[in-house]
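Remember, predicted model here, so these are calculated numbers, not experimental data.
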Amino acid sequence: MKNKKVLISFFLLCVLVLASCSKKSVDTKTSKTENEASENVDNDNSKEDASNKEENKGLVNDAVDKEVGVPYEVGVTPDDYNMDYDTSRLLSLNEKKSKYYPKDGVKGLYFNTYNINDPETYEKIMDLMENTRLNTIVVDIKDDWGNVTMNFDTDDEDIKYSKTDIVDPVDFVEKMHEKGIYVIGRVTTFKDSIITEKHPDWGFTLEDGTLWTNGHGEAFMNPFLKEVQDYDIKIAKLAAKAGFDEIQFDYVRFAEGFETFGDTLNYSRGEFEDKEMEEGDKRVGAITGFVRRAREELQDMNVPMSIDVFGYALQVQRADGIGQDFGEMSNETDVISSMIYPSHWGLTSFDIEKPDLEPYELVKRYLAAEQEYLSQLEHPPVSRPWIQDFTATWIGEGNWMEYDKEAVEAQIQAIYDSGQNEFLIWNASGDYTEGVDY
């Protein structure tokens, strides 16, 4: 009996073992089938991900695979792996150029916005564009007083306050493009007597609370303030949206001589307020910071940026009184337009006794110095100097001469002889010399 029980127990144990093995075999087969299905799905997803990745190069997931310092597209938030890379440096000037950028280089004139509606001046400028090598016009978006001269479509109350609605920007740019003309929009940046009426706190005030103005009754905005910078950048972006090929910032500085009277004024130093820095360094930081911000924001719209600077900024290199460091600003822009009018240099500049009397030599010697300096920068901009087509009778008897056809051509020839092919010509009234060979 006892042996019988043992036999039955042994039989039941065998049955249980066999059942377990059978179940394990089934589970294994099932698991293998599910895994194969899962792998097929994963493979399909991988192909889809690879396809999507190929189509969406530059997205965040793609960026993490980059080596340190390898660029990825603008708009991607840098991660910890390559936080040191400046994404705003991705696009060169060549990549941002519109199709209207002249193949043989920008050769342009300043066209006062108020003259656009004057038929005589308008036809004269258009005739020069059609019958000479000139191919570009620079027009004010915001003029020297702060008037926003273009009828931009905007709900911004500050811009609406400053608008004079002289020109329909979209219509104007389209007409210029039909003629093959490259259009640069000029923004008088920090000199602004209009918006400071509405926002005195955007300017500099005296002890009695009144707005400070210079000897010509012109007010300057405070470049330290983010809201001031935002205002100019908003105007620039409206112009870019309207079709302007390039934005040019002028008066990117504090008022002349600011270092001599700035401590008598009341104003905020913004983010630099509590920093242990020299006052001049703070001003340079504010101006360079604005140029960098403007470049980054305009690059998002695929629009190049240029800035105007005093020619002497190269000589002194760091004019911290007005906040301009020539190297720092040049390194942050696509184009640098130094105002090198022969009449604007002091006697003996570049070893020239009377610079206004020697336009060829002045321009040639300046450009030699500028080329040497720019070649040392990490991101050298294109050099596109401003030259003069006006006569500076105010610089003193014996120091000036009539700027006729030969004088204008001498400056242009100096540019060509220096190996450069871009320039802008200034005449505030639009009364340019006839018969010039550009």
State whether Glu279 and Lys282 are salt-bridged, where the test is any N-O pair (Lys NZ or Arg NE/NH1/NH2 against Asp/Glu carboxylate O) under 4.0 Å.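 Counted as a salt bridge, because a side-chain N and a carboxylate O are separated by less than 4.0 Å.
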Minimum heavy-atom distance between [X] and [Y], given as atom pair plus value:
X	Y	answer
Leu91	Lys96	O-CE, 3.7 Å
Thr149	Asp140	OG1-O, 2.7 Å
Asp334	Met305	OD2-N, 2.9 Å
Thr136	Pro102	OG1-CG, 3.8 Å

Any residue meeting salt bridge (charged side-chain N to carboxylate O under 4.0 Å, His left out) with Glu406, in chain and number order, not counting sequence neighbours: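 Salt bridge (charged side-chain N to carboxylate O under 4.0 Å, His left out) list for Glu406, sorted by chain: empty.
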Please name all residues satisfying salt bridge (charged side-chain N to carboxylate O under 4.0 Å, His left out) with Asp192, sequence neighbours left out, ordered by chain then number.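 Asp192: salt bridge (charged side-chain N to carboxylate O under 4.0 Å, His left out) contacts with Lys142.
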Please tabulate, one pair per line, all N/O donor-acceptor pairs under 3.5 Å involving side-chain atoms of residues 340-347, not counting sequence neighbours.
{"residue": "Ser343", "atom": "OG", "partner": "Gln388", "partner atom": "OE1", "Å": "2.9"}
{"residue": "Trp345", "atom": "NE1", "partner": "Tyr341", "partner atom": "O", "Å": "3.4"}

Cation-pi check, Arg292 onto Phe290 ring (under 6.0 Å, within 45° of axis):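 Ring-cation test returns no.
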Strictly under 6.0 Å, is that where the ring centroids of Tyr251 and Phe190 end up?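 No, the ring centres sit 6.0 Å or more apart.
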Aromatic contact between Tyr267 and Trp212, with the criterion being ring centroids under 6.0 Å apart: yes or no?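 Tyr267 vs Trp212: aromatic centres not under 6.0 Å.
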Going by heavy atoms in the side chains, are Phe254 and Phe204 under 4.5 Å from each other?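 In contact.
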